[in-house]
Structure formats: C-alpha cells, structure tokens
Amino acid sequence: MISAQAWADAQRLWDFQQMGHEPRPCSVAIGLGSHDLGVADTTADLYHRGMAPVIVFTGATSRTTRERMPRGEAEHYRERAIELGVPEQAILVEPNARNTGENIRFSRALLEERQVPVSSVLLVSKPYEERRAYATARKLWPDVEWVCASTPMTLADYVDSIADARLVLDMLVGAQQRLMIYPQQGFMIEQEIPDGVKAAYERLREYGFTSRLAPETADSP
C-alpha cells in the first residue's frame, strides 16, 4: 500500500523532471532507448510534425529490456517508428549505448560519421527522465541547443501504463538521486534543486523506494 504522502512526493519528483520545453524544429531527434516504446512513438510523432528530418535511436539492452527487446532497444524503436510511417532512410540506429552518457556520446559520434550537421537536438526520453537526460546532454555536448520532449501524460497515467506503481516510484527516486550525485562525478551539469524536491526525495528513500538507486561512487551515468 502506497501512502498519500508517498504519492504526493512522487508527484513532486515527476513535476520537477518535466523541463517544460516547447517542441520546435531541430537538426535531429535522439530517442533514448529504454523499456518504454512510448519514446519511439513520441519520436515518430515529432518527426511527422516536422520537428526533425533525422532520427537517431540509441540503446543496447539492459536487465529490464533484454527479454522484451532481444534485438536491442534502438532496433526495436526503429521497427516501431517504421510501423508508424517514418521512412527507414530517416532513421539512424546506435546499438551499443548502455547508459545515458553513452547514448549522447555514441549518438554524437554516429552523426559526425554520417556528416549530419547538428546545431540543435530534440532529446526524447521517458517522462520522468527529461531533466536527467538534459543535464547529461548539456555536460557531454555543450555546443548544441537541447530541447527536451517526452510523451505528454500524468503520473497516474504512466503508472497505469507500466502496471507497477512501486517500480515507477523507485525509478523516480533513482532519477532524482542521479541529478544530485552525478554533477560531482562529472557526468552532468549542476542544477538547482528546490528544497521541497529534496525533502520529497528523502522521504521516498525512507519509505523504501530504493531499488533503482545508483552506488554513491557510480562510474557511469
């Protein structure tokens, strides 16, 4: 049973992760691989709306995707986008990244290899990881403009889509923790975190939503 206070704290973290960027046309869209095919759906929708002429899907597999996406997250995303009408030639696949930092570095290298000029990037992630993805991208590729996007949905809708409320709260806590520890480790830019967000995070940790926490000496973002 999840308490009303825990839900309120989860909502606080969810709201903080939303960057509030308005999608606009960019040089390229990068869809960050994960268990959530909604990222591919949203990236395809943005392509059809004329927001980017080229898509990079990036991601290998993880413990949560190796069974559901055996060909790799990026490849499953590519297949989904093609089903949704994105031309195959508009999609580049980066199949090796295993964390957000590698998503950014490997996508950049692929775009440079293909000689795609990039001045702005539409960065598509899960809704609860917009700010984490943005902070990582700004650190690793600071000379382009980043515009964040995710599937527009409420926390309640996202919990329903995952069908595992505890897992979603664990993931929210993990994403928030990384915003707090990774800048000192050189993986992200520093961002101001409101006191209310810090307090919500600490309470959720005390309630035991800790399965997605990173080691305090984590070596990859």
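Atom set for the values below is all heavy atoms of this structure, side chains included, hydrogens, waters and symmetry mates excluded. Being a predicted model, the structure only gives us computed values, none of them experimental.
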Hey, what do you get for [atom1] ([X]) to [atom2] ([Y]), rounding to the nearest 0.5 Å?
{"X": "Met69", "Y": "Ser34", "atom1": "CE", "atom2": "OG", "answer": "6.0 Å"}
{"X": "Lys139", "Y": "Glu190", "atom1": "NZ", "atom2": "CD", "answer": "10.0 Å"}
{"X": "Asp15", "Y": "Leu155", "atom1": "CG", "atom2": "CG", "answer": "8.5 Å"}
{"X": "Asp36", "Y": "Arg68", "atom1": "CG", "atom2": "CZ", "answer": "8.0 Å"}
{"X": "Leu167", "Y": "Ser211", "atom1": "CG", "atom2": "OG", "answer": "6.5 Å"}

Within the structure provided, determine whether [X] and [Y] are in side-chain contact (heavy-atom separation under 4.5 Å).
{"X": "Thr136", "Y": "Asn103", "result": "no"}
{"X": "Arg105", "Y": "Glu102", "result": "yes"}
{"X": "Gln176", "Y": "Ile193", "result": "yes"}
{"X": "Val173", "Y": "Arg205", "result": "yes"}
{"X": "Tyr77", "Y": "Leu37", "result": "yes"}
{"X": "Gln5", "Y": "Tyr207", "result": "yes"}
{"X": "Met171", "Y": "His35", "result": "yes"}
{"X": "Leu32", "Y": "Glu73", "result": "no"}

* To do: For Glu94 and Ile30, run side chain to side chain contact (heavy atoms under 4.5 Å, CB included): C-alpha distance rounded to whole Å, both residues' side-chain angles, the deciding distance at 0.1 Å, then the answer.
  => CA-CA 10 Å; Glu94 187 295 295; Ile30 297 178; over 6 Å; no
Please report the closest heavy-atom contact between [X] and [Y], naming both atoms and the distance.
{"X": "Ser120", "Y": "Cys26", "result": "OG-CA, 3.2 Å"}
{"X": "Ala74", "Y": "Val93", "result": "CB-CG1, 3.8 Å"}
{"X": "Pro53", "Y": "Ala90", "result": "O-CB, 3.9 Å"}
{"X": "Cys148", "Y": "Met19", "result": "SG-CG, 3.9 Å"}
{"X": "Leu204", "Y": "Ala10", "result": "CD1-N, 3.9 Å"}
{"X": "Val147", "Y": "Glu22", "result": "CG1-O, 3.8 Å"}

* Asked: Is the cationic atom of Arg178 (NZ for Lys, CZ for Arg) positioned less than 6.0 Å from the six-membered ring centroid of Phe187 and within 45 degrees of its normal?
  -> no
Examine [X] and [Y] and state if one hydrophobic cluster contains both, with Ile, Leu, Val, Met, Phe, Trp and Tyr joined whenever side-chain heavy atoms are less than 4.5 Å apart.
{"X": "Val121", "Y": "Met51", "value": "no"}
{"X": "Ile162", "Y": "Val124", "value": "no"}
{"X": "Val28", "Y": "Val86", "value": "no"}
{"X": "Leu140", "Y": "Val56", "value": "yes"}
{"X": "Ile181", "Y": "Phe16", "value": "yes"}

* Quick one: list whatever passes salt bridge (Lys or Arg N to Asp or Glu O under 4.0 Å) with Arg71, sequence neighbours left out. => Glu79
Output all residues satisfying side chain to side chain donor-acceptor pair (under 3.5 Å) with [X], sequence neighbours left out; order by chain, then residue number.
{"X": "Arg12", "result": "none"}
{"X": "Glu129", "result": "Lys126, Arg132"}
{"X": "Ser119", "result": "Ser27"}
{"X": "Arg78", "result": "Glu75, Glu88"}

* Asked: Has the side chain of Thr210 got a donor or acceptor atom that lies under 3.5 Å from a matching backbone atom of Leu213?
  -> no
* Asked: In chain order, what residues pass the side chain to side chain contact (heavy atoms under 4.5 Å, CB included) check against Ser150, with sequence neighbours excluded?
  -> Gln18, Pro127, Glu130
If a pair satisfies salt bridge (charged side-chain N to carboxylate O under 4.0 Å, His left out) and one of its residues is in [range], list it, with sequence neighbours excluded.
{"range": "residues 195-204", "answer": "Asp9-Arg203"}
{"range": "residues 151-174", "answer": "none"}
{"range": "residues 144-155", "answer": "Arg24-Glu145"}

* Asked: Quick check: are there more than 12 heavy atoms from other residues, nucleotides or ligands sitting under 6.0 Å from CD of Gln184?
  -> yes
* **Step-by-step side chain to side chain contact (heavy atoms under 4.5 Å, CB included) determination, Leu179 to Tyr201** => CA-CA 11 Å; Leu179 286 175; Tyr201 162 75; over 6 Å; no
* Asked: Checking side chain to side chain contact (heavy atoms under 4.5 Å, CB included) for the pair Leu172/Phe209: CA distance, chi angles, key distance, verdict?
  -> CA-CA 9 Å; Leu172 279 165; Phe209 296 102; over 6 Å; no
* With sequence neighbours excluded, give me every ring pair (Phe, Tyr, Trp, His ring centres under 6.0 Å) pair touching residues 91-127. => none
* Can you tell me which residue pairs pass the ring pair (Phe, Tyr, Trp, His ring centres under 6.0 Å) test with a partner in residues 133-169, sequence neighbours excluded? => Trp14-Tyr158, His21-Tyr134, Tyr128-Tyr158, Trp141-Trp146
I'd like a table of donor-acceptor pairs (distance under 3.5 Å, sequence neighbours excluded) in which one partner is a side-chain atom from residues 40-48, with atom names and distances.
residue, atom, partner, partner atom, Å
Asp41, OD1, Arg80, NE, 2.6
Asp41, OD1, Arg80, NH2, 3.4
Asp41, OD2, Arg80, NH2, 3.2
Thr42, OG1, Gly38, O, 3.1
Thr42, OG1, Thr151, OG1, 2.6
Thr43, OG1, Val39, O, 2.7
Asp45, OD2, Arg49, NH1, 3.4
His48, NE2, Leu84, O, 2.8

